[in-house]
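Encoded as structure tokens, the structure appears first; notes follow it.
Below, all heavy atoms of this structure are taken into account, side chains as well, without hydrogens, waters or symmetry copies. By convention here, the first residue in the shown sequence is residue 1. Note that ligands are numbered from 1 as they come in the structure, with each ligand's atoms numbered from 1 the same way.
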Amino acid sequence: MEMEKLVSLCRRRGFLFQSSEIYGGLNGFWDYGPLGVELKRNLKDAWWRDMVSAHDDLDTLAGAPSPYEMVGLDCTIIMHPQVWKNSGHHDLFVDEMVDCRESKKRYRYDQVLGRWASCDGKKSQGPPKQLSGPTFDVKGAEYDKIFVTSIGEEPESEIERRAMKHFKLRAKDADKLSWDGPAVTLDKINVADFDKTLGPDATGLGTLTEPRDFNLMFPTTIGALAGEEGRAFLRPETAQGIFVNFKNVIDSTRVRVPVGIAQVGKSFRNEITPRNFTFRSREFEQMEIEFFCHPDESRKWYEYWRNRRMAWWQEMGLAGDRLILRDHHADELSHYSTGTADIEYAFPFLPEGEYGELEGIAHRGDFDLRSHMEGKLDPNSCPLTVQLGEDGKPLHRGSGKDLTYRDEVTNERFTPHVIEPSAGADRGALAILCEAYTEDTAPDDKGKEQTRLSMKFHPRIAPIKAAVFPLVKKDGMPEVAKDLYRALKKKFPAFYDEKGAVGRRYRRQDEVGTPYCITVDGQTLDDKTVTLRDRDSLEQVRIRLDDAVEEIERRVTGD
Ligand code: GAP
């Protein structure tokens, strides 16, 4: 499936729009249209129901080491600034970036791809003095070999195009261009070579600044306080709200460890290069669980959540081989973690064989609770110790609150270990849209096979569950159809359509992924039966009009 086709369908049928589109849009921000909002809500509702509200805490679920409890939270987006100091986000949640002095654009250092090129002895003019950075006083310099970069969709062919343009070569002279080595990202070359670098949107050499850290948190100001005092941040993850409320939840409820605390909500990251539709956005929603357990049991719980979460995405309709579970290599793990796995999807905008993360399941040990108790821990030290400044004093003070847990039965006191399944609702919705997009054939009104576009959503996730059509707009059919539509609407989103040929009405519903269409026809008036048509099998069966609501409900819920 080509991504452009899906993007166009999403806009045309009201799944997704660019934010502030009438003003030219805002990069990295997306609005969900009437169908998109239902789709994403269905995904979040399914997650909440399956993970939290319908969780059976009395029984040991398949694969689980023991019964466990699940509760929810809804925390604020702006939290005490100290939270981000002790979570590590204040100092470590950074991307290295470079700015272009000519185009005024900013790029992620590790995302700019480039290749060394030269052209038949031609010299390239170095940067003019006013553009050269503090390290480059190279006015008048000339180079035999330059590093040509791109950040576009097909960077390698773009690099070639830009090199041809730079050396003023026509297509027939392409063989005059020589390459030194394969394409590599900008962070792999020496900063001193930036004066020989042609930035992704620049016309001259040497316009890129040295890389510097860029914190991804959006700063904001609380009240009328100016300066550091009023400075706060929009949360970059929902997880921290759960850690700082751990004690509140334990003290205010009767839940006992092992327990999972869940939250769904918006997170914000000032991504330097938002891209690939909603995949990397600056405002997005997360569905996170922090699962607190006894340290001795944590490995077993990690295994449980890793498998449970993979099975859940499959149940949501990502059942094909585009979904994979990838365990991180031991050298990718923080030393306090005994495991991290990513659930990844082969999004069509990625090169063949590459996958994008939908959810991460991480074993976080006691890192987070201890950091909030004692002050920011050094993630690189083993055993974990509080980070000290140059003056030997703790870099950031902790809350000083006791976040340990005492087991009422065994009387043992310990700092629980945490397993964190952290999923993205927008990436989930995007994967479901990609997986659902299907081009096949179906007979039209005259029985002739025609190509059709259908969104094969799992019925639980489909924005509209059923559509009702009167075959014709007369003989009392619309009245019967409208009554059925109203009865369905009391249970879930349904759609009524009496316009155009019935085949065309089916197509319209296929395109928005409605799994069932019910047609009221002449026979309905005689024997009180209707036709129920299945979107995927195209099978049509006659069912009793009085059973229609129950039948749709049964099919949607799978009960
Ligand atoms: N608390 C852990 C945490 O936030 P993460 O891997 O940074 O971990 C978890 O984020 C999930 O949030 C990702 O797997 C992804 O689905 C989603 N996510 C992260 N950054 C995103 C972005 N810029 N746009 C859309 N979704 C994003």
Around [atom], find the nearest protein heavy atom and jot down its residue, atom name and distance.
atom	result
atom 14 (O) of ligand 1	E357 OE2, 2.6 Å
atom 9 (C) of ligand 1	S422 OG, 3.0 Å
atom 7 (O) of ligand 1	R269 NH1, 2.9 Å

If the cut-off is 4.0 Å to any non-hydrogen atom of [X], which atoms of ligand 1 fall inside it?
X	result
E420	1 (N), 2 (C)
A239	1 (N)
E288	1 (N), 2 (C), 3 (C), 4 (O)

Between [X] and [Y], does any side-chain N to carboxylate O distance fall below 4.0 Å?
X	Y	answer
E297	K300	yes
R162	D201	no
R460	E315	no

Check: Would R427 count as a cation-pi partner of F279, with NZ or CZ less than 6.0 Å from the six-membered ring centre and within 45° of the ring normal?
Finding: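 Here R427 passes the 6.0 Å and 45° test against F279.
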
Any N or O on [X] sitting closer than 3.5 Å to an N or O of ligand 1?
X	value
P236	no
R280	no
L358	yes

Item checked: Worked verdict on R269 versus E283 for salt bridge (charged side-chain N to carboxylate O under 4.0 Å, His left out) -> CA-CA 7 Å; R269 296 182 188 179; E283 174 174 343; over 6 Å; no

Note to self: Parallel, tilted or perpendicular, judged at 30° and 60°: which one describes the rings of Y336 and F367?
What the structure shows: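 Aromatic pair Y336/F367 classed parallel.
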
Note to self: Testing Q240, Q82, K401 one by one against H372 for a side chain to side chain contact (heavy atoms under 4.5 Å, CB included), which residue passes?
What the structure shows: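 Checked Q240, Q82, K401 against H372; only one passes side chain to side chain contact (heavy atoms under 4.5 Å, CB included): Q240.
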
Checklist line | Nearest candidate to atom 10 (O) of ligand 1, where distance is taken over non-hydrogen atoms, out of Q286, E283, R364 | finding: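 Among Q286, E283, R364, the closest heavy atom to atom 10 (O) of ligand 1 comes from Q286.
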
Checklist line | Those residues that, when tested against V386, pass side-chain contact (heavy atoms from CB on, under 4.5 Å) (two or more places apart) | finding: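 Only E374, L377, P394 meet the side-chain contact (heavy atoms from CB on, under 4.5 Å) criterion with V386.
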
Margin query: Once you restrict to heavy atoms under 4.0 Å, what part of E271 touches ligand 1? Side chain, backbone, both or neither.
Written below: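 Side chain only; the backbone of E271 stays clear of ligand 1.
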
